[in-house]
Undergrad: 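After the C-alpha cells below, expect a handful of questions from me.
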Amino acid sequence: MNNLYNMMSRARRGVSVHEFGQKNGPVEVATINLTPPTERQYILRMLIDDPVHGLAIPPELKWIIPMHNQAYLFQRFMFGPVHPFTYVTIRHGEVTTKTDDVWHTDGFSIKKPHGPEHDYIWCSAGPTEFLPQGFTFPPDFDPMKHNVHHYLQDHADESLKVTGRPNMIYLTDPYVVHRRAPDNAGTIRTFVRVSFVPIEIEDNGNTPNPLMPKRTYTNTDLRLELSRYGA
C-alpha cells in the first residue's frame, strides 16, 4: 500500500529528478492471463485513445483488451488521474535485443513540463526486475543535459533488486526503476505496456495506429543529445 500511496501523492506534481529520493516500487494490480497471437508482434507506443478519436484498438491487438480494461478501471476508479492519451507497447516473440536489459524508467522527460504518466506492464515469462532504491542526484545534475538512465545504471545497487511475478499487472510511473531480466536472449516472451499519458508523445518512432490518421512530428529525441554525468 505504501507504493500506491507514494505514487498517488506524486501523481499531480511535475516530473522531476527529486522524486527519485524514495525507494519507489511498483503497485500490484491483478493477475491476468492473455492469449497472444502465434506470430511475432513488436509495437512501440501505438496511440490507441485520444480526446478526438476515442478508443481505437486494431483487430490484431484485440487480445490485449482484457488488460487494457483492467488497467483503465484501476486508473479511473482506484488510482485517480485520468489522462487524455493512451499508448500501447508490445514485444511478443523471441527476445533478440538488449536495450531493455539495463535499469531504466518509462516516461521520464522534462522537455515539456507535465505530470507523470502511468504505465501498466505485464509479461508472460522472464519477469520484470524492479529496483526500489532511493537515488540522490547531485546539485549540478541537469536532466536537460545529463542522461537520467545512465545515472541510474551507474549507481544501481544490484543487491536491492526485486523480481516480479509472471502474469501480474504492475503499475509504475517515471520513478519506478526496472529492467527486463538479463540473459533472456533466445527465449519466447510476451511483454505488454499500457500507458496513460497526460501529453501527446511526439515521437516519429511511435508505431502508427491504422485506425487513426498518421502523425508526423518535427521534434528530435532529446535523449540522444544527453551526456553521461561525470564523463
Side-chain angles (χ1 to χ4, degrees), residues 25-49 55-75 86-108 117-132 149 152-153 156 158-174 176-197 201 203-211 221 223:
V27 175
E28 291 189 350
V29 176
T31 300
I32 190 171
N33 292 314
L34 299 177
T35 306
T38 55
E39 67 273 10
R40 176 181 173 87
Q41 283 189 345
Y42 194 95
I43 293 168
L44 179 63
R45 296 187 303 268
M46 176 187 287
L47 181 65
I48 60 170
D49 196 356
L55 184 64
I57 299 179
E60 60 269 26
L61 304 186
K62 294 295 185 182
W63 63 276
I64 70 161
I65 287 179
M67 177 177 170
H68 168 271
N69 292 347
Q70 184 76 53
Y72 175 81
L73 290 173
F74 192 91
Q75 182 75 13
T86 306
Y87 293 82
V88 64
T89 292
I90 297 172
R91 296 184 181 94
H92 166 61
E94 182 180 348
V95 176
T96 59
T97 67
K98 290 184 175 295
T99 54
D100 294 323
D101 290 356
V102 296
W103 295 114
H104 66 283
T105 68
D106 295 321
F108 187 90
E117 69 178 52
H118 297 101
D119 300 300
Y120 293 78
I121 63 176
W122 177 95
C123 65
S124 62
T128 302
E129 294 181 344
F130 301 98
L131 191 66
H149 291 161
L152 298 174
Q153 184 71 22
E158 295 278 341
S159 69
L160 299 177
K161 73 179 181 182
V162 176
T163 301
R165 291 185 284 164
N167 302 321
M168 171 64 73
I169 299 175
Y170 288 97
L171 166 61
T172 70
D173 69 2
V176 177
V177 181
H178 60 280
R179 70 180 180 187
R180 182 180 61 202
D183 303 323
N184 271 295
T187 62
I188 303 300
R189 182 176 187 263
T190 303
F191 171 86
V192 181
R193 181 177 69 224
V194 177
S195 303
F196 299 100
V197 187
I201 300 176
D203 191 330
N204 283 322
N206 297 348
T207 301
N209 185 335
L211 302 181
D221 189 345
R223 292 171 297 182

Undergrad: Please tell me if the side chains of T207 and Y42 come closer than 4.5 Å, counting only heavy atoms from C-beta onward.
TA: no
Undergrad: Any chance you could measure L160, atom CG, to L131, atom CG, to the nearest 0.5 Å?
TA: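 If I round to the nearest 0.5 Å, the distance is 6.0 Å.
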Undergrad: Quick check, are the ring centers of F196 and Y120 under 6.0 angstrom apart?
TA: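 When the ring centroids of F196 and Y120 are compared, they turn out to be within the sub-6.0 Å range.
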Undergrad: How would you list, by chain and number, every residue that makes a side-chain hydrogen bond (donor to acceptor under 3.5 Å, both in side chains) with Q70, sequence neighbours excluded?
TA: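 Scan of Q70 (side-chain hydrogen bond (donor to acceptor under 3.5 Å, both in side chains), adjacent residues dropped) gives none.
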Undergrad: Tell me, do W122 and N167 make a side-chain contact under 4.5 Å, heavy atoms counted?
TA: yes
Undergrad: Quick one: CD1 on I48 to CD1 on I65, what's the gap to the nearest 0.5 Å?
TA: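 Taking CD1 in I48 and CD1 in I65, the distance rounds to 9.0 Å.
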Undergrad: Look up atom CD in E94 and atom CZ in R40, then write down how far apart they are to the nearest 0.5 Å.
TA: 7.5 Å
Undergrad: Under the side chain to side chain contact (heavy atoms under 4.5 Å, CB included) criterion, do F74 and V27 qualify, and how do the steps go?
TA: CA-CA 11 Å; F74 192 91; V27 175; 4.3 Å; yes
Undergrad: Only one of D203, T89, D106 forms a side-chain hydrogen bond (donor to acceptor under 3.5 Å, both in side chains) with R45, so which one is it?
TA: D203
Undergrad: Distance-only check: which donor-acceptor pairs under 3.5 Å involve side-chain atoms of residues 56-64, not counting sequence neighbours?
TA:
unit_1 : atom_1 : unit_2 : atom_2 : d
K62    : NZ     : I57    : O      : 3.3
W63    : NE1    : Q41    : OE1    : 3.1

Undergrad: State which residues pass side chain to side chain contact (heavy atoms under 4.5 Å, CB included) with F130; sequence neighbours excluded, sorted by chain then number.
TA: P26, I121, T128, Y170, T172, V176, H178
Undergrad: Working to the nearest 0.5 angstrom, can you tell me the gap between D119 CG and L171 CG?
TA: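 It is 8.0 Å, given to the nearest 0.5 Å.
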Undergrad: With sequence neighbours excluded, what pairs up with E158 under the salt bridge (charged side-chain N to carboxylate O under 4.0 Å, His left out) test?
TA: R179
Undergrad: Among all residues two or more places apart in sequence or in another chain, which pass the side-chain hydrogen bond (donor to acceptor under 3.5 Å, both in side chains) test with S159?
TA: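 S159 satisfies side-chain hydrogen bond (donor to acceptor under 3.5 Å, both in side chains) with D157 once adjacent residues are dropped.
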Undergrad: Does any part of the side chain of H104, heavy atoms only, come nearer than 4.5 Å to the side chain of L152, both counted from C-beta?
TA: no
Undergrad: Applying side-chain hydrogen bond (donor to acceptor under 3.5 Å, both in side chains), name anything that partners E28, two or more places apart in sequence or on another chain.
TA: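 With sequence neighbours excluded, E28 shows a side-chain hydrogen bond (donor to acceptor under 3.5 Å, both in side chains) to R165, given in chain and number order.
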Undergrad: Can you sort out the partners of D173 under side-chain hydrogen bond (donor to acceptor under 3.5 Å, both in side chains), two or more places apart, ordered by chain and number?
TA: R10
Undergrad: Does any part of the side chain of V102, heavy atoms only, come nearer than 4.5 Å to the side chain of H149, both counted from C-beta?
TA: no
Undergrad: When you compare the side chain of S124 with that of H92, does any pair of heavy atoms fall below 4.5 Å?
TA: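 No, side chains not in contact.
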Undergrad: Using every non-hydrogen atom in the two residues, find where P208 and M46 come nearest and quote the distance to one decimal.
TA: O-CE, 3.3 Å
Undergrad: With the side chain counted from C-beta on, respond yes when Y87 and R193 share a heavy-atom pair under 4.5 Å apart, and no when they do not.
TA: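 When only atoms from C-beta onward are counted, R193 and Y87 do not touch, as no gap falls below 4.5 Å.
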